Asker: 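Handing you a structure now.
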Amino acid sequence: MNVYDSDLVAGILSGSGYVKASSMEDAEIVLLNTCAIREKAVERVINKFSQYAYMKKAGRMKIAGILGCIPQHSPERLKKELPFLDILAGPDSYHKLPEMIEASLKDKKLHENTELTHTQNYEEVLPFPENSFSSFVTIMRGCNNFCSYCVVPYVRGRERSRSTGSVLKEVRSLVQRNVTEITLLGQNVNSYYSNGTDLAALLNIISGVEGLKRLRFATSHPKDISDELIHIMANNPKICNHLHLPFQSGSDAILKRMNRGYTREEYLSKIERIRKAVPQIAVTTDVIVGFPGESCEDFEYTLDLMRKAQFDNAFMFIYSERNGTEAKKNFVDDIPRKVKTDRLKKVSELQKKLSLEQMSHETGRIREVLTESVSKKRKDELMGRTEQNRTVIFKKIEGTKPGDYINVRIDRAEGISLFGEQVDKGVGGK
Ligand code: 5AD
Ligand code: SF4
């Protein structure tokens with residue numbers, strides 16, 4: 001989402017006559033877009049930006065700004081730790097950046113805007129992404145779920161969906177620029193709703209755009225996976241057979257305290273229904289370990305759910321206490337660091353094994369791959385992704401280039417990657 005938001009900011013600034021610099025050293029204005037979801041991300045941003053202080057003193061840099069969720073969440077901390085900052089702008093204030101920059105260039109003071117509108121959708125802005133054949137389109141912003149550990153509802157505000165017309169316009173303009181794969185984004189993408197159009201209907205509408213080959217969406221909330229959504233994933237060939245469905249914990253007691261709105265059985269039966277309807281589907285997930293009060297038994301339930309759900313891959317996190325959240329107010333962050341890191345190690349090791357199992361089923365199959373880049377290690381190899389979002393490294397037929405859709409025979413699996421050989425010349429991007 002922040003990649004998309006940075007492109008939005010680039011769109012807003014280019015509309016005001018600014019151009020992208022070719023490097024940090026060349027830039028007169030440096031803006032860093034940030035995430036506040038875990039404390040580690042905040043520390044990383046502060047460390048990184050501290051290094052910019054000398055550049056601001058010595059070099060061309062006239063404006064140093066921080067954008068996004070950290071200014072929204074902890075503006076005082078940023079001002080204290082990075083006193084040379086000129087701009088602080090929260091996720092709803094990007095359209096104000098041109099005037100904030102102008103003002104700061106004039107008065108050399110800090111300009112700050114962290115007003116949450118709860119409605120800002122940037123409908124009128126056309127983002128300015130790097131040239132690519134794969135692109136993001138944000139279709140809804142904010143979140144109303146208030147999972148007890150999460151800052152998103154506080155830093156991004158209430159859930160709101162973009163109009164179907166403006167989403168479609170953006171998709172068409174990307175496809176005209178040779179984009180063939182689009183990922184629709186939202187904190188809670190499957191609660192998209194605008195004037196009678198829900199996510200399933202929107203996917204159907206967008207898939208009708210000629211020239212678009214693959215359509216993805218993320219991130220889904222388990223409670224909002226509808227039967228229509230499952231039905232259209234099963235029946236519309238442009239909608240990729242991949243679902244990112246965070247489960248967060250396998251224990252009912254923890255899920256309740258996380259305010260996730262489902263039980264482990266409900267989660268597992270959703271997965272079962274989806275797999276029945278879409279047998280080729282790959283499911284990925286997010287999981288948090290070390291949530292307040294997580295007992296050994298609770299943690300065992302998490303491992304057990306992972307074994308049952310057979311995820312392709314998982315993003316695994318140690319619980320990070322965040323100011324302002326219900327978990328911080330109501331529970332004590334009582335799991336010792338060592339236990340948290342041990343649990344993270346255990347989920348990682350288990351997932352590594354499960355990923356390899358899932359990947360190994362691919363051996364011998366022929367899969368369509370969207371080629372992305374030349375492999376880092378060998379020039380005669382390319383890297384791409386299957387519809388299931390699995391990474392494939394393959395020996396290419398001469399002439400194949402990034403953006404091509406080609407068929408690859410999968411020969412082996414290693415870690416979370418597949419390896420194989422291209423079997424046909426396939427088709428160009430468009
Ligand atoms: N601590 C650790 N992980 C978190 N996530 C969200 N908030 C926290 C937190 N406070 C994780 C969830 C979510 C992903 C984007 O980040 O797993 O799905
Ligand atoms: Fe955060 Fe929960 Fe909303 Fe996801 S659904 S953004 S975890 S509050």
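FYI, side chains are in, hydrogens and waters are out, and symmetry mates aren't considered; it's all heavy atoms of this structure. We count ligands from 1, going down the list as the structure has it; atoms in each ligand are counted the same way. If you're wondering where the values come from, they're calculated on a predicted model, not measured in any experiment.
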Asker: Flag yes if more than 12 heavy atoms outside H118 fall under 6.0 Å of its NE2 atom; otherwise flag no.
Answerer: yes

Asker: Heavy-atom contact under 4.0 Å between R260 and ligand 2?
Answerer: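 Yes.
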
Asker: What part of P246, side chain from CB on, backbone N/CA/C/O, both or neither, has a heavy atom under 4.0 Å from ligand 2?
Answerer: neither

Asker: Do side-chain atoms of R158 reach the backbone of P153 as a donor and acceptor pair under 3.5 angstrom?
Answerer: yes

Asker: Given Q280, which partner from the list R367, R275, E387, R365 fulfils the side-chain hydrogen bond (donor to acceptor under 3.5 Å, both in side chains) test?
Answerer: R367

Asker: Counting backbone and side-chain atoms alike, is an N, O or S atom of H221 positioned under 2.8 Å from atom 2 (Fe) of ligand 2?
Answerer: no

Asker: Can you tell which of D286, T285, T183 makes a side-chain hydrogen bond (donor to acceptor under 3.5 Å, both in side chains) with H244?
Answerer: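 Considering D286, T285, T183, a side-chain hydrogen bond (donor to acceptor under 3.5 Å, both in side chains) with H244 is found only for D286.
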
Asker: Can you check which of C147, G261, S148 brings a heavy atom nearest to atom 8 (S) of ligand 2?
Answerer: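 The residue whose heavy atom sits nearest atom 8 (S) of ligand 2 is C147.
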
Asker: Look at the aromatic rings of Y262 and H221 and report parallel, tilted or perpendicular, splitting at 30° and 60°.
Answerer: perpendicular

Asker: Mark yes when over 12 heavy atoms from residues, nucleotides or ligands other than F84 sit less than 6.0 Å from its CZ; otherwise mark no.
Answerer: yes

Asker: Measure up the F247 and F311 rings against each other and bin them: parallel (under 30°), tilted (30 to 60°), perpendicular (over 60°).
Answerer: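 The arrangement is parallel - the two ring planes meet at less than 30°.
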
Asker: With the criterion set at N/O pairs under 3.5 Å, what does the list of contacts between the protein and ligand 1 look like, atom names and distances included?
Answerer:
from	atom 1	to	atom 2	distance (Å)
ligand 1	1 (N)	S320	N	3.0
ligand 1	3 (N)	R38	NH1	3.3
ligand 1	5 (N)	R38	NH1	3.4
ligand 1	10 (N)	Y149	O	3.0
ligand 1	10 (N)	S320	O	2.8
ligand 1	16 (O)	R38	NH1	2.9
ligand 1	17 (O)	Q248	OE1	2.7
ligand 1	17 (O)	Q248	NE2	3.4
ligand 1	18 (O)	Q248	NE2	2.9
ligand 1	18 (O)	D286	OD2	2.6

Asker: Using a strict cut-off of 4.0 Å, indicate which atoms of ligand 2 neighbour a heavy atom of Q187.
Answerer: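 What qualifies from ligand 2 is 6 (S).
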
